[in-house]
Each structure stands twice: as structure tokens, then as C-alpha cells.
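First the structure, in the form of C-alpha cells, and then the observations on it.
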Amino acid sequence: MATAPDMTVPRGDHAPVFDFDIYADPRIGEDIQGDYAHVLADVPPVFWTPANGGHWIVTGFEEIVEVVTNPQDFSAREMQIPRVPDPPQFIPLSLDPPDNIPYRRILMPMFSPKAVRAMDDDLRRWANELLDEVTVGKNQCDFVDAVASRFSVTIFMRLMGMPVDRLREFREIADEHFNARTPEDFGRVVPRILGIVDELIALRRTQPGEDIISKLIAADFDETRKLTHEEVQRICFLLFLGGMDTVTNVSGFAFRNLAQDPELQRELAENPARIPQFVDESLRMFGVISTPRLVVREAERFGVTFRPGEMVLCVLALAGRDARRNPDPARFDLDRSDSAHLTFSSGPHLCLGHILARAELRVLTEEWLRRVPRFEIASDQSCRFRLGTVNALLSLPLIWEGGKGA
Amino acid sequence: MTTVAIVVRQGADEREIDAVTGESLMHALKGARISGIEAVCSGSMVCGTCHAYVTPGPSGELPPIGEGEAEMLDEAVDRRPESRLTCQIDVTPVLAGIIVEIPASQM
Ligand code: HEM
């Protein structure tokens with residue numbers, strides 16, 4: 001594997017340069033986070049890559065916190081690398097403080113610890129329904145397709161009051177969006193998403209329910225007015241994209257790791273009370289998002305100069321693997337104390353769904369291990385993956401007791 | 001810059017830590033590696049994970065609760081009258097001797 005130092009050459013202003021293509025770097029394989037850590041091990045925590053139009057990459061824990069908590073210098077209003085002419089606008093993600101705050105206030109009660117606690121029984125019921133279908137009388141499945149994606153998409157659609165029979169269609173559209181690169185790609189997929197959202201909004205205006213869309217329609221913005229159609233649409237657009245793929249991807253990586261570690265399977269099956277630690281450690285090891293920011297004000301930081309118009313990509317998956325923050329970071333360790341990660345980012349755009357996401361991962365693991373305490377990866381198949389600002393495992397063939405040679 | 005002694009209670013455990021004036025109470029607690037203060041948004045007032053029960057010290061004073069802080073606290077599990085977001089409290093000399101109790105639900 002060709003690694004760093006000899007390829008690290010200074011840019012004009014002494015910024016370290018390392019050629020790294022976030023969409024297709026040949027050095028990154030299916031162990032995406034591990035390979036990232038390996039390839040960038042000797043590269044400074046802040047560097048410039050000439051790939052994809054040229055942009056900054058930030059990999060250190062403290063450095064990422066600094067970027068995502070300083071919206072005056074690093075704005076969230078554009079998130080495309082390379083930049084596109086008419087970037088999609090998400091609410092509240094594309095809004096810098098204070099503009100994002102009234103929206104966060106409206107959304108927060110729907111995703112708060114209290115709200116998520118109240119969902120626990122539903123999450124468990126949906127997990128049980130799904131896992132019965134996948135495991136009873138069976139001994140293999142593609143975990144990503146049959147379990148992870150269906151679970152997170154189903155939960156999300158129920159919260160949004162979406163019809164469950166349109167699950168596949170929704171998932172394909174989300175995939176298409178994450179694979180979009182060019183303005184034409186976005187131009188094709190974004191209207192499809194907004195069209196579906198529009199249908200749902202229209203439905204809930206006449207038939208309000210307990211779902212998120214109904215709550216958004218009823219909400220008061222800054223106690224002065226209702227949200228406009230466009231605002232509800234843009235919020236739903238973000239929830240649609242942020243709430244499904246992410247949980248699917250993290251659970252895929254978490255279960256691939258679990259499938260390869262019989263000792264860990266035994267420990268968790270015997271002590272289900274440790275599953276929350278499993279979830280936290282999996283989140284630390286298997287971050288899936290790299291979050292972009294646009295430099296809007298010249299900033300001297302970390303010994304380099306960021307110039308307006310440049311894009312900065314924070315590789316959140318590497319924050320949890322920063323040895324300055326978590327000793328021996330490549331080791332999966334349930335007993336870590338004081339571990340930290342930025343898998344949900346930090347700052348004003350900290351993932352709104354982080355508590356829900358943790359609950360989903362915990363319930364899914366609990367219910368899976370109750371049925372399938374021992375399982376492994378079907379060895380004759382490899383796992384497909386996708387690189388980008390959302391890193392994804394596209395397949396994970398699992399097989400369990402009685403499955404071998406069957 | 002001076003330091004102010006504050007008392008931290010976690011269940012039956014009680015200890016004293018030094019907070020530096022000018023930093024936030026959240027930073028002081030994080031710096032002392034107090035478990036249960038996650039502060040995952042790093043002080044941007046959007047996560048509520050630096051929630052604690054804060055009782056004034058001998059000065060009898062605490063900075064007032066702002067509007068945004070109050071709304072976040074409405075969503076806290078186990079809210080009490082002494083509930084605060086510790087990221088919203090700047091360490092000043094009036095904080096000497098305050099008692100910070102970590103909510104059981106966060107431990
Ligand atoms: C393990 C699963 C998840 C991961 C890893 C994840 C990660 C993230 C990250 C990294 C951000 C961006 C923050 C930034 O740019 O600084 C984010 C934002 C967001 N996430 Fe998640 N997320 C997950 C699950 C969810 C779920 C289940 C939902 C909701 C249903 C959700 C809703 C959102 C929203 C609305 C935002 C934008 C917040 C804002 O701008 O204020 N996420 N998430």
C-alpha cells in the first residue's frame with residue numbers, strides 16, 4: 001500500500017498537500033474507516049487535496065471541533081465537493097446560526113431524550129416484526145438489504161407518516177441522491193424527492209396525524225407564524241436523507257465487525273446490558289459521514305490559511321480514531337472509558353437524530369442477538385461499499401447456525 | 001484568571017474540582033473528566049447533554065437561565081428546578097462553592 005510522507009509536498013503557502021480522492025481513492029477498500037486511518041496515518045490532520053477541484057481535508061478530533069463550531073469562518077451553506085452552481089438547501093443544515101435556531105427549536109421536541117424514550121416500545125415492535133420475518137426458519141440474509149436498511153427506512157417512514165408499501169421506492173431515491181455528483185444528477189433526483197414530500201404534506205394538511213409532517217404543519221415559527229410549504233418541504237427533505245442511510249450504514253459496519261468477533265458476540269448475548277457500550281464503541285469506530293463546510297472568511301488556523309470559496313471536508317470517522325483522543329484507536333474495546341467521537345458531528349448542526357439513532361442501533365442489536373446469538377460473514381462473498389461524503393456498506397451476507405453448507 | 005472551587009456530586013460520590021474563570025462550567029467539568037457530561041455539541045446549546053443540577057454557593061448567585069437554555073431544559077429527562085445547561089454558565093468568582101449534581105439518567 002503506497003502511503004503518505006513522500007507524497008506530502010508543500011503547497012505555496014506551506015499547506016501540506018496529499019492527493020486523496022474521497023469518491024474513488026484506490027487505497028480505500030471495504031474496511032473503509034480502517035483504510036482511511038491507514039492511508040492518512042502519516043498525513044497531517046489538516047491538508048489540501050488537489051482531487052475533486054481541490055479542497056481541504058480535516059481528520060483530527062480537536063481540529064474538526066474547531067471547524068464545525070466556527071460557522072463565522074466555516075459555513076454550512078454549501079456542502080458539495082466540488083462546488084455546484086445551485087446547491088440544494090436543507091433546513092436547518094444549510095443555515096448558519098442564528099438562522100437555524102428557530103427550526104432546531106421546532107424539531108428538538110420530536111427527537112429529544114424524552115421523545116425517543118416514548119418511542120422505545122414501537123422501535124422494539126418494529127424490530128421484532130422485521131427480524132421474525134428475516135430469521136424464523138432461515139439461516140442467512142443480506143444484513144444491509146434485509147435488515148439494516150429496512151429497519152431504519154421503516155422506522156423513519158412511520159415517524160414521517162409515510163406509506164410503508166413505498167419503502168423500496170424511497171430507498172432507491174435516497175441511494176440515487178447519495179450517488180449524485182453532477183448538477184444534472186442532482187437536477188434529476190432532487191425533484192423526485194421533493195415530489196414525494198409534497199404529496200405527504202398535501203395529505204397531512206387535510207388528514208393531520210401524530211407524525212412529524214403534521215407536527216411541522218402545526219408548528220409556530222418563533223411564535224409568530226406558521227412554516228411555509230417550502231420550509232416544511234426543505235426540513236422533510238433533510239430528514240429523508242439524513243435519517244435513513246446513516247443508521248443503515250452504521251449498523252452495517254457495526255454488524256460486520258460483530259460478525260467477525262465470536263468473543264464479542266458471546267459477551268453481548270450473555271450480557272445484553274452491555275449493548276449500549278457496543279453501540280457507542282461501534283459509533284466511535286465506524287463513522288460514516290464526512291461533513292463539508294465552505295470557507296466564508298479568511299482564517300488562519302492550524303498553521304494554514306483558509307481562503308473564502310474553498311471547501312473543507314471534515315472526516316468525522318477519523319475523529320474517533322484520533323490517537324490523541326482515544327488511545328489505541330484501532331482496537332474495538334467495550335470497556336473504554338472517556339472515549340469520544342464525532343460521528344454525529346458537533347456544534348450547531350450536531351445530528352438532530354443522534355438519540356434516536358442510538359436507540360435504533362441498541363434495539364436492533366438486542367433483538368437480533370436474542371434470535372441469532374452466533375453468526376458470521378458468508379465467506380464466499382465480499383461486501384460491496386460506496387465512498388463519498390457518506391460512506392456506505394452496500395451488502396453484508398451473513399450466515400448463522402445450521403446455515404453452513406445448507 | 002483565577003480558579004474557583006466547585007463541588008461535583010455523582011450519586012454517592014462527591015469531589016471538589018477547580019474551575020478556571022472565563023471558561024464555561026461545562027468545560028471545567030469536561031476538563032475534570034466528569035462522566036455524565038457529554039456536551040456533544042461543544043457548547044452550541046443544541047444537545048442538552050451537559051445538563052446538571054446546579055445549587056448556588058455562599059454567594060447565593062447563579063447567572064440567569066436564558067430563553068434558549070430554558071427550551072432545551074424543557075426536553076431534559078428528569079428536569080428539576082435546579083436544572084441547568086452547564087455550557088451556558090460562565091465560571092466567575094460568584095460560582096465559588098456551587099454544587100453540581102450529575103443527573104442519574106446521564107450516568
Ligand atoms: C447513526 C446514524 C446517524 C449518523 C451517523 C448521523 C450523522 C449526522 C451528521 C454527521 C450530521 C451533520 C452535522 C454537521 O454537518 O455538522 C447530521 C445532521 C443531521 N441529522 Fe443525523 N445522523 C444519524 C441519524 C439520524 C437520524 C435517525 C435522524 C432523524 C430522523 C437524523 C437527522 C439529522 C438532521 C435533521 C441533521 C441536521 C441537523 C442540523 O443541521 O441542525 N440523523 N447527522
Side-chain angles (χ1 to χ4, degrees), chain A residues 61-62 64-71 76 92-93 95-98 100-118 120 220 222-223 276 280 283-284 316 319-320 325 336-355 357-358, chain B residues 8 10-11 13 15 17 22-53 65-81 83-90 101-107:
Chain A
F61 187 100
E62 291 307 330
I64 292 175
V65 170
E66 179 84 13
V67 170
V68 297
T69 55
N70 277 291
L93 186 56
L95 297 171
D96 295 319
N100 65 322
I101 291 175
Y103 299 104
R104 283 282 303 205
R105 283 193 186 152
I106 289 172
L107 286 162
M108 203 178 44
M110 307 176 204
F111 295 95
S112 69
K114 264 202 299 209
V116 172
R117 234 171 234 206
D120 214 78
D220 288 314
D222 253 357
E223 324 224 318
D280 277 344
L283 284 163
R284 181 188 72 79
L316 301 177
R325 193 63 189 70
R336 251 172 222 284
S337 64
D338 194 35
S339 87
H341 63 73
L342 297 173
T343 297
F344 295 115
S345 191
S346 186
H349 296 289
L350 170 78
C351 175
L352 180 72
H354 73 106
I355 301 163
R358 281 198 177 91
Chain B
V8 180
Q10 289 173 292
D13 234 47
R15 63 165 157 147
I17 66 168
E23 68 177 3
S24 72
L25 181 56
M26 176 273 280
H27 277 112
L29 296 167
K30 290 274 288 181
R33 315 233 142 174
I34 302 296
S35 62
I37 298 293
E38 279 194 85
V40 284
C41 79
S42 310
S44 301
M45 211 173 32
V46 297
C47 73
T49 60
C50 67
H51 172 216
Y53 308 125
I65 299 182
E67 191 196 333
E69 184 183 349
E71 285 191 38
M72 283 301 309
L73 288 171
D74 284 343
E75 296 305 322
V77 178
D78 303 337
R79 182 178 185 174
R80 287 198 213 150
S83 285
R84 294 299 303 257
L85 294 184
T86 55
C87 72
Q88 298 304 307
I89 298 180
D90 285 334
E101 187 184 340
I102 310 302
S105 59
Q106 285 164 227
M107 296 194 299

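Quick note on labels: first sequence line is chain A, next is B, and so on, each numbered from 1. Note that the structure is predicted; figures quoted are calculated from it, not measured.
Contacts with chain B were tallied for Met108(A), Arg104(A), Arg105(A); Arg105(A) has the most, counting heavy-atom pairs under 4.5 Å. Chain B forms more heavy-atom pairs under 4.5 Å with one residue of Ala115(A), Gly347(A), Ser345(A), Cys351(A) than with any other, namely Gly347(A).
Taking the side chain to side chain donor-acceptor pair (under 3.5 Å) definition, one finds that Asp90(B) meets it with nothing, sequence neighbours left out. Residues passing the salt bridge (charged side-chain N to carboxylate O under 4.0 Å, His left out) test with Glu69(B), sequence neighbours excluded: Arg84(B).
With a threshold of 4.5 angstrom between heavy atoms, Asp74(B) approaches chain A through N, CA, C or O but not through any side-chain atom. Neither the backbone nor the side chain of His341(A) comes within contact range of chain B; no heavy atom of the residue lies under 4.5 Å from a heavy atom of that chain. For chain A, the nearby parts of Met72(B) are the backbone and the side chain; heavy atoms of each come within less than 4.5 Å.
The two residues Cys41(B) and Leu350(A) make their nearest non-hydrogen contact at CB-CD2, 3.8 Å.
Of residues 23-30 of chain B, no residue lies under 4.5 Å from chain A by any heavy-atom pair.
Side-chain contact between Arg79(B) and Lys114(A) is absent, with no heavy-atom pair separated by less than 4.5 Å. Residues Pro113(A) and His51(B) form no side-chain contact, since every pair of their non-hydrogen atoms from C-beta on lies 4.5 Å or further apart.
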What side-chain donor-acceptor pairs closer than 3.5 Å can you find for residues 31-40 of chain B, not counting sequence neighbours?
{"from": "Arg33(B)", "atom 1": "NE", "to": "Asp338(A)", "atom 2": "OD2", "distance (Å)": "3.4"}
{"from": "Arg33(B)", "atom 1": "NH1", "to": "Asp338(A)", "atom 2": "OD2", "distance (Å)": "2.5"}
{"from": "Ser35(B)", "atom 1": "OG", "to": "Gln10(B)", "atom 2": "NE2", "distance (Å)": "3.1"}

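Of the inter-residue distances, the one linking Ser42(B) atom OG with Leu342(A) atom CG reads 7.0 Å to the nearest 0.5 angstrom.
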